[in-house]
Amino acid sequence: MSLTDFFSPINPDSFTPKQGFFTSQLGLKAQIYTESFPDFEEHTYDLAIFGVLDGRGAVNNEGSALAPDYFREKFYKLNEGAFNSRIVDLGNIKHGATIADTYIAIKMVVSELIKKDIIPVIIGGGQDLTYGQYLGYEDLEQKVDLVVIDNQFDIGDDDNEGIATRSDCYLNKIFLHQPNYLFNFSNVGYQTYFVNQESLSVMDKLYFDVHRLGEFAQDISLTEPIIRNANMISFDMGAIRSADAAANANTTPNGFDGEEACRIARYAGMNDKLTSIGFYEFNPAYDNNGQTAFLLAQMVWYFVDGFYARKKDFPLTPKSQFMIYRTSLKDGSGEMMFVKSKKSDRWWMQVPYPSGQSKNERYHLVPCRYDDYQTAVNGEMPDLWWRTYQKLN
């Protein structure tokens, strides 16, 4: 089945200004499916944007199905940055006969694009579409590190049969999916009053990484190593405070501000191992003067900007571009090794695989902060090292 079978073209009138585009604007830089489907044999693309016109799984926010074209109206008016973009817009995936059909369509598109070394940029739709995005990795024979930016954990009771789910419980489908190819899950920005203690206990027992909004109140750059560990990212627009992103029926007063959301998106773009990203739960019905559409457009612009600013320092080659640091624990139980990139000044820690767990590698590399290295220098074991080691076991 060809990619063209999944998509419907975009009406150019829905995103083209009356006076047309300036030559510097993305509307003339991107290859957009308006009449003929883009030719992947003739052109090389780095990023593929596509919309998903399905909000049936979006709890209390079904209007999110209309999001993609409202996003395009703002995005393509933005000027290209200091990069030569190779972006293709594949159009929209229409909602299937059932929500499960939509997930399967997303799965097949994401899988095919990743195989072509093209990063899918998904504009939803409800955040339950993350499950379809995740399914795209099923045939790629690799473990997945998933990062979700959300103000709560979507692990509610799921009474749906098959692969159908909802935006408030889709994580259950991911956690329980067989075969299991999820290695790590990280939540960025949860708000404690939206999360029950039982859910926190579950995350702790699974050695998943969950981070309160307050952890980043003084320094949003603390999100960078968490995001750098992701193969795939799901961004719920409800994680942004209502003052900056009102177009979500479930929006709340607190959350990331618009500038922080853009910086998170740029960190995602700079992540060398990231292979897909989805932006979900934008509902145009609640948009005041198009401000949330503008913010989403700017977030995707920053993602593109980050992508073209990648340092390509993961995997860690050539070795001459890195510095190795060794530290010893106070109790004498062993030493820890850290790696710092000379290109980007970013840090990783090496966590050893248990005996026999990996035939090809001795260490699992985990993005970390300088503070983790400092903890180890003081003879203490960083919490991130311990949780990773437990998962490897």
Under 6.0 Å between the ring centres of [X] and [Y]?
| X | Y | result |
| --- | --- | --- |
| Y373 | Y325 | yes |
| F208 | F175 | yes |
| F153 | F194 | no |
| Y280 | F235 | no |
| Y308 | F83 | yes |

Determine the interplanar angle of the [X] and [Y] rings, folded into 0 to 90°, and report it as parallel if under 30°, tilted if 30 to 60°, perpendicular if over 60°.
| X | Y | result |
| --- | --- | --- |
| W348 | F314 | parallel |
| H43 | Y45 | tilted |
| F75 | F71 | parallel |
| H364 | F183 | tilted |
| F37 | F40 | tilted |

Closest approach of [X] to [Y] (non-hydrogen atoms, all atoms of both residues):
| X | Y | value |
| --- | --- | --- |
| C368 | R228 | O-NH2, 3.5 Å |
| E260 | D257 | N-OD1, 2.7 Å |
| G55 | A65 | N-CB, 3.4 Å |

Within 45° cone of F294 ring axis and under 6.0 Å: K74 NZ or CZ: yes

Ring-face cation of K77 near F21 (centre distance under 6.0 Å, axis angle within 45°): no

Connected via hydrophobic side-chain network under 4.5 Å: I233 and Y190: no

Pair N61-Y286, side-chain donor/acceptor within less than 3.5 Å: no

Distance-only side-chain donor-acceptor flag, Q133 / S276, under 3.5 Å: yes

Qualifying residue, where the test is side chain to side chain contact (heavy atoms under 4.5 Å, CB included) with I87 and the options are V300, L47, I118, V121: L47

